[in-house]
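Just below is one structure, and these are the notes that go with it.
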Amino acid sequence: MLSSPHSFKPRSLLPAIFRALACLGFSLLPASAFAQTNIVNVTFPRSLPSSALANVVQDNFLGISFELSSFDTLWGESPMLMPNAMQNYLSNLRARITHPLRIRIGGNSMDGSTFVPDQTQMIILTDPNAYYNDVPVDFGPTFFDVLNAMADDVGEMQFMIGLSMRDPAHDTNVITLANAAKEMLGYRLDAMLLGNEPDLYAGHGTRQGYTMSDYIPEIGHMLYDLNSSFTGEPLGDPIVGGPSVCCDWNLDDLFSAGLTEYPYKYYTMQHYPTYSCQGPTPQNTNISYFLSHTNVPAFASWQQTGVQLAKQQGVPVLMTEYNTVSCGGSNISDTFAAALWAVDTGLQFASVGINGAYLHTREYQVTYNLFDPPTPQTSTQAGWRTGSPYYAALFLSEAFSPNGSIVVDLDIGHSMTDPISTVAGYAIFDASGTTLERLALINYDLSQTQTFAFIPPNTTDSITIRILMAPSVEERSEISWAGQRVAGNGDLEGAQSTLYVDCGGRGVCEVDVPGPGAALVVFGGSPEASGFWEGNSTIAGVQGYASGALRMVKAMHALLWMIVLASIGVLI
C-alpha cells in the first residue's frame, strides 16, 4: 500500500481539464462534482497464479445478443433496408477491436420459431397473442442475407444462432435451419446453440416433467441427426454450443450426467441478477444492488465449479446472455448505474474464466436495451434512443488487448467483501501475465470524486485515460464515453477526449474518477500515441435509406458488369 500520495498531483489538473471540457460541451458533470476527493490506494500483484494465467480473453470478449422476434426492427427487413443507425452502433464497437464482433441471435423466440426456406420476408409474427417473453415467428433466408450484408458493411463478425430442442423427436426443421446457416454464413458461423434455457422447459410448461435425464440423450439424438442430415454433409469440426442454462441446472451436474460425451465447441450459460416476469418488486427495482461491487463476484461466479471443469476439458465457456433484470428489465435497467454494473460484471466474467460475454437486447422499449429505433416501423430513420448498457459496451470494446488479456480483480480497499466500499478496480495484463497494460477503475460514489493512486508498473511514468461519466447514477441519457455521446443515428458526437498524464518519474500516478464514473487507463501512452482507438467510427449517414440505396447501386453495377462479360464470352 502507498503510505501517501506524492507531492506531484496530476489530479489537481484534471478538475480544470474537465471544467474546460464542460465549457465546450464535452463533460456532463458540473465543476462542483470535483470539489471533494477521496484518495484510494491501488496495488498490483507482482506475479499471477497459474489459475489466472489460464484465463486469457481476446479483445472481442464483449458481444451483443439479440432476440430473434424483433431482429428485423433493429437490423432491417432486407440488405437494402439496413438502418444506418444500427450500422453505426455496430461499427462503433467493431472499429475498436481487431477480432470479429461477436453477435448472437436466439432467445426463447428462436427456440419456438420456424425456419421457412422459401419465405421471402425476413420475419413474420405467427401468434399476435403470444406471451411477450416467448414470441414465435417464421423466418426465411433473408435473415442470413442481412447478417452477411451487415458484416460486409461494418466489418467481420462471427455469428451464433439458436437451434430448438423443444421437440427433438421432430427435428426436421431444426436440421433444415442448421444446414442453411452453415451454407449461407460459411466461415462467419461461429456456433449453433442447441436449446435455449432447457432448465426452464418444465417450469414454463414447454416440456412436462423435463429433467437432465431426459435432456442428455436428446442431445445425442439431435447431434446424430445433424451429422447425418439429408444434405449428406456432416458438421465436421465441433460447432455446437450449449447447454445455455440460466437458472435451475448447474454445469458440473450436467457434466456428471453425460454432457462431456458430446463434442461441444462452447459451453454456454445465461444469467441475470434478478427478474421482472411478474412486474416490479423491491428486489428488481433496487438500484443499490447495482452500485456495490461486493455483489458482482458472487453473480459472475454462479457456475464457477463448472467453468473450472470446462477449462480442464479445454472447452471455452461463454455467457451468451446477460443484463440487469430479465423478462424485459425494470426502472433501473436504463440508468447509468446499469452501465457501471455492466462494465464491472463484464470485467469480472473475464477474471473468473469466462471466455466471452454477450449483453442482451430485445424488442422496442425493453428498458435494458442497448438501443431502440424511433418506433419498430421507422427503424430506417434517425432518432434512435441509446440505452445506458451501450456505453458499457463502448468501454469494454476498448478494455482488452488485441493480443489477448488476463483480467484480475484488484479487490481495492476490500471492495469484493466490504459492503460500504464504493470502488472497484481491475488490472488488465498481457496474455503472458507479465506486463500490466491497462487498468479499469470504477467509482460508484453518488457524487464524490475518488482519486486512485498507484505506483506505475514496468518503469512507466506516463498514462492515458478515458472516462465514462454521467451526472448521477439515475441518469438515462446524458452519458458520455471519452467525451462523446451517442446521437440519434448511432453516431458518436463531440470531440474524442483522451487525457494524458505524465507522472513525472516521481513514482506515483493519480487518476481522478468522478462520482459516479469509470476510467480506463493505458500505461505508457503519450499525447501522440494514446494506446486507445482513435478516429470516427460512423460509417452511415443520416438519410434513412442511404446505405441501402448505395448497396442497390453497387448490386446493379455488378449485375450489369456480369451481363457485359457474359455477352463477350468471358463468363461461361
Side-chain angles (χ1 to χ4, degrees), residues 64-71 73-74 106-113 125-137 166 196-208 210 244-249 269-292 295-296 298-300 302 319-342 344-345 358-376 385-390 392 472-477:
I64 307 298
S65 168
F66 293 86
E67 195 78 22
L68 174 66
S69 57
S70 55
F71 193 71
T73 68
L74 297 173
N108 289 332
S109 61
M110 193 160 214
D111 218 32
S113 294
L125 296 175
T126 57
D127 183 0
N129 299 315
Y131 175 50
Y132 77 102
N133 279 320
D134 190 358
V135 179
V137 300
R166 292 187 180 184
N196 184 75
E197 299 174 355
D199 50 335
L200 295 185
Y201 279 180
H204 288 169
T206 304
R207 303 282 302 278
Q208 295 298 323
Y210 196 68
S244 299
V245 292
C246 71
C247 310
D248 295 339
W249 294 352
M269 51 190 183
Q270 306 171 175
H271 205 40
Y272 296 74
T274 185
Y275 59 91
S276 61
C277 309
Q278 283 80 46
T281 66
Q283 183 178 11
N284 65 39
T285 57
N286 178 15
I287 197 171
S288 64
Y289 171 91
F290 298 94
L291 294 172
S292 176
N295 296 318
V296 173
F299 171 75
W302 164 61
M319 181 65 68
T320 48
E321 187 176 316
Y322 89 100
N323 213 309
T324 49
V325 180
S326 68
C327 294
S330 73
N331 64 312
I332 59 89
S333 296
D334 56 350
T335 65
F336 186 56
L340 293 177
W341 176 87
D344 197 351
T345 301
Y358 295 69
L359 272 169
H360 191 53
T361 202
R362 278 181 44 173
E363 69 273 8
Y364 181 65
Q365 290 189 329
V366 164
T367 55
Y368 64 56
N369 282 351
L370 279 70
F371 24 61
D372 267 336
T375 71
R385 180 194 70 87
T386 302
S388 62
Y390 182 75
S472 72
V473 293
E474 293 88 3
E475 181 59 46
R476 289 172 167 79
S477 59

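Please read these numbers as outputs of a predicted model, since none were measured by experiment. Numbers for residues simply follow the sequence, beginning at 1.
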Legend entry - Working for side chain to side chain contact (heavy atoms under 4.5 Å, CB included), residues T367 and N331: CA-CA 7 Å; T367 55; N331 64 312; over 6 Å; no

Inset, instruction - Could you walk me through whether V135 and D127 pass side chain to side chain contact (heavy atoms under 4.5 Å, CB included), step by step? - result: CA-CA 7 Å; V135 179; D127 183 0; over 6 Å; no

Inset, instruction - Evaluate the side chain to side chain contact (heavy atoms under 4.5 Å, CB included) criterion for residues Y322 and H271: first the C-alpha distance (whole Å), next the side-chain angles of each, then the deciding distance (0.1 Å), finally the verdict. - result: CA-CA 5 Å; Y322 89 100; H271 205 40; 5.8 Å; no

Inset, instruction - Kindly indicate, with the supporting measurements, whether the criterion side chain to side chain contact (heavy atoms under 4.5 Å, CB included) is fulfilled by T386 and F371. - result: CA-CA 5 Å; T386 302; F371 24 61; 5.5 Å; no

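Taking 4.5 Å as the limit, some side-chain heavy atom of F299 sits within range of a side-chain heavy atom of Y289.
Under the rule for a side chain to side chain donor-acceptor pair (under 3.5 Å), the partners of T281 that lie at least two apart in sequence or sit in another chain are N284. In this structure S326 satisfies the side chain to side chain contact (heavy atoms under 4.5 Å, CB included) test together with Y272, Y275, sequence neighbours excluded. Scored by the disulfide bond (SG atoms under 2.5 Å apart) test, C246 finds no partners at all (sequence neighbours excluded). Contacts of D199 classified as salt bridge (Lys or Arg N to Asp or Glu O under 4.0 Å), with partners at least two apart in sequence or in another chain: none. For C247, there are no disulfide bond (SG atoms under 2.5 Å apart) partners, not counting sequence neighbours. Considering only residues two or more places apart in sequence or on other chains, T126 meets the side chain to side chain contact (heavy atoms under 4.5 Å, CB included) condition with P136, D138. Under the side chain to side chain donor-acceptor pair (under 3.5 Å) criterion, T335 pairs with no residue, sequence neighbours left out. When the side chain to side chain donor-acceptor pair (under 3.5 Å) test is applied to S109, the partners found at least two apart in sequence or on another chain are E67.
A side-chain donor from one of D372 and N369 sits under 3.5 Å from a side-chain acceptor of the other. In this model, no donor atom of one side chain and acceptor atom of the other lie less than 3.5 Å apart for Y201 and N196. For the residue pair N133 / N108, no side-chain donor-acceptor distance below 3.5 Å is found, with atom types taken as modelled. With 3.5 Å as the limit, one finds no donor-acceptor pair spanning the side chains of S276 and Q278.
Here the shortest heavy-atom pairing between Y132 and C327 reads OH-O, 3.3 Å. For the pair H360 and L370, the tightest heavy-atom approach, listed with the atom from each and the gap, is O-CD1, 3.8 Å. Heavy atoms only, all atoms of each residue included: F290 and I332 are closest at CE1-CD1, 3.3 Å. Here the closest non-hydrogen pair linking S244 and P198 is O-CD, 3.9 Å. Here the closest heavy-atom approach between residue P389 and residue N323 is recorded as CG-OD1, 4.3 Å. Across all their heavy atoms, S330 and V325 have their closest contact at OG-CG2, 3.8 Å.
Considering CG of L200 and CH2 of W249, their distance stands at 9.0 Å, rounded to 0.5 Å. Taking CG of L359 as the reference point, atom OG of S65 lies at 9.0 Å (rounded to 0.5 Å). Rounding to the nearest 0.5 Å places CG of D344 at 10.5 Å from CG of L291. The distance from atom OH of Y358 to atom OG1 of T320, rounded to the nearest 0.5 Å, is 8.0 Å.
One N or O on the side chain of S113 and one on the backbone of V137 form a donor-acceptor pair closer than 3.5 Å. T345 contributes no side-chain N or O that, together with a main-chain N or O of A342, makes up a donor-acceptor pair within less than 3.5 Å. Side-chain N or O atoms of S472 include one that pairs as donor or acceptor with a backbone N or O of E475 at under 3.5 Å.
Applying the salt bridge (Lys or Arg N to Asp or Glu O under 4.0 Å) test to every pair with at least one member in residues 269-287, sequence neighbours left out, gives no pairs at all. Among residue pairs with one or both ends in residues 281-291, none qualify as salt bridge (Lys or Arg N to Asp or Glu O under 4.0 Å); sequence neighbours excluded. Counting only residues at least two apart or in different chains, salt bridge (Lys or Arg N to Asp or Glu O under 4.0 Å) contacts with residues 320-334 comprise R104-E321, D334-R476. Judged as a salt bridge (Lys or Arg N to Asp or Glu O under 4.0 Å), not a single pair has a partner in residues 360-369 (not counting sequence neighbours).
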